[in-house]
2 protein chains.
Amino acid sequence: MRIGEVARRTETTPRLLRYYEAQGLIAPGRAENGYREYDEDTVGRVRQVRELLRAGLPTRLIVRILPCLSTPRESVRFSGVTPETVALLEEEHARLSARIECLTRNREAIGAYLTALREAGPAPAERAPDREPDGAAR
Amino acid sequence: MRIGEVARRTETTPRLLRYYEAQGLIAPGRAENGYREYDEDTVGRVRQVRELLRAGLPTRLIVRILPCLSTPRESVRFSGVTPETVALLEEEHARLSARIECLTRNREAIGAYLTALREAGPAPAERAPDREPDGAAR
DNA sequence: TCGAACCGTGCCACGGATGTGAAGGTCAAG
DNA sequence: CTTGACCTTCACATCCGTGGCACGGTTCGA
């Protein structure tokens, strides 16, 4: 598969795919004519990268955790794992946990606030009930 | 309290506090001589901001959710909440959920990988079993 | 065979985010 | 007066994601 098709299927652009390659996030092969040659997996991989980026992870980090996530689980390439790699992963694992915890705490705070709002008075009799009584959330 | 003390107590710098102010994250008063005047709450607020930033939230977002989180829960200032604000909060709530979900999924993938590693062969008879048998995480 | 569409490289630049640094002036106190 | 904390403003650095342009090679169909 060539770059254009991958771009279409991942809703990105060739430009961005080359950028990701430069960042070490994907590593396509090359055809004889110099064209990049992508396999099927790339599409999923790119999607995962994008998802992680949207979640706020920097590419640096993604580069490091992706190898352990993307390749098929079956083929156990546990052989080449150095203790350093393990330490790195454990560190990232902890980092992610901290991040998740923080986000969860704050999400819950927002949730609680919203709940309180709804209970305390959806319309303080001010003059409001004029629009459609049902508030379609966006 | 002046900027230097806040900086010390939040482990930041005056520079950064001015920056946060420019971003709308804090809003100190001013003394007659032009010096910024911070109240006690600022310290906690700054800490929370930093935490959220570390968790990967952009300041834009923090600016908007912070007002609902920081001020004391008792004094219910539910009065001035427009429907727009509520919608905004709901949106952010959803966004946070998505983010958390994504991070959780990937953290678990890392966790699973690590577990598999440990089970498959902590040391392929190379020379390892020497450290404390219990792995204190981190 | 010719052109269009595609791919390649390299480079420059923008825009926003999070900061940091430095210059130059003011204020308060020893 | 000198020192240190504070003020403002301009600039710079980095990262991430993009866009653009130039310039050349490849593929494919009319």
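Every chain is numbered from 1 and lettered A, B, ... according to where its sequence line falls, protein lines coming before strand lines.
Salt-bridge annotation for A:Arg118 and B:Glu90: present, with a side-chain N of the basic residue lying under 4.0 Å from a carboxylate O of the acidic one. No salt bridge links B:Glu51 with B:Arg47; every basic N to acidic carboxylate O contact stays at or beyond 4.0 Å. With respect to B:Glu21 and B:Arg30, a salt bridge is recorded, a charged nitrogen being found less than 4.0 Å from a carboxylate O.
A sub-4.0 Å separation between OP1 or OP2 of C:dT18 and a side-chain N or O of B:Tyr19 is present. For the pair A:Arg36 and C:dG8, the criterion of a side-chain N or O lying under 4.0 Å from OP1 or OP2 is met. Proximity of B:Thr59 to the phosphate of C:dA17: no side-chain N or O atom is located under 4.0 Å from OP1 or OP2. Distances shown here put a side-chain N or O of B:Tyr20 below 4.0 Å from the OP1 or OP2 atom of C:dG19.
Atom pair B:Leu61:CG and C:dA17:P shows a separation of 12 Å (rounding to whole Å applied). Atom-to-atom, CD of B:Gln23 to P of C:dG16 comes out at 12 Å; the value is rounded to the nearest Å. Following rounding to the nearest Å, B:Glu51 (CD) and C:dT18 (P) show an atom-to-atom distance of 16 Å. B:Glu21 has its CD atom 13 Å from the C1' atom of D:dC6, to the nearest Å. The distance from atom CD1 of A:Ile62 to atom C1' of D:dG17 is 12 Å, rounded to the nearest whole Å.
When each of B:Asn33 and B:Arg50 is assigned the nucleotide of DNA chain C with its nearest heavy atom, B:Arg50 is the one assigned upstream, toward the 5' end.
Between the B:Glu92 side chain and the B:Leu61 main chain, no donor and acceptor come within less than 3.5 Å of each other. Here the side chain of B:Thr42 pairs no donor or acceptor atom with the backbone of B:Tyr38 at under 3.5 angstrom.
Contact annotation: the side chain of A:Leu103 approaches that of B:Leu57 to within less than 4.5 Å [non-hydrogen atoms, C-beta and beyond]. Using a 4.5 Å heavy-atom threshold, the side chains of B:Arg50 and B:Leu16 count as touching.
Closest to the side chain of A:Arg60, from the set D:dG25, D:dC16, D:dG17, is D:dC16. For A:Arg30, taking side-chain heavy atoms from C-beta onward, the closest of the listed nucleotides C:dT18, D:dG17, C:dT9 is C:dT9.
Listed in residue order, the members of residues 1-18 of chain B having a heavy atom less than 4.0 Å from DNA chain D are B:Arg2, B:Ile3, B:Gly4, B:Arg15, B:Arg18.
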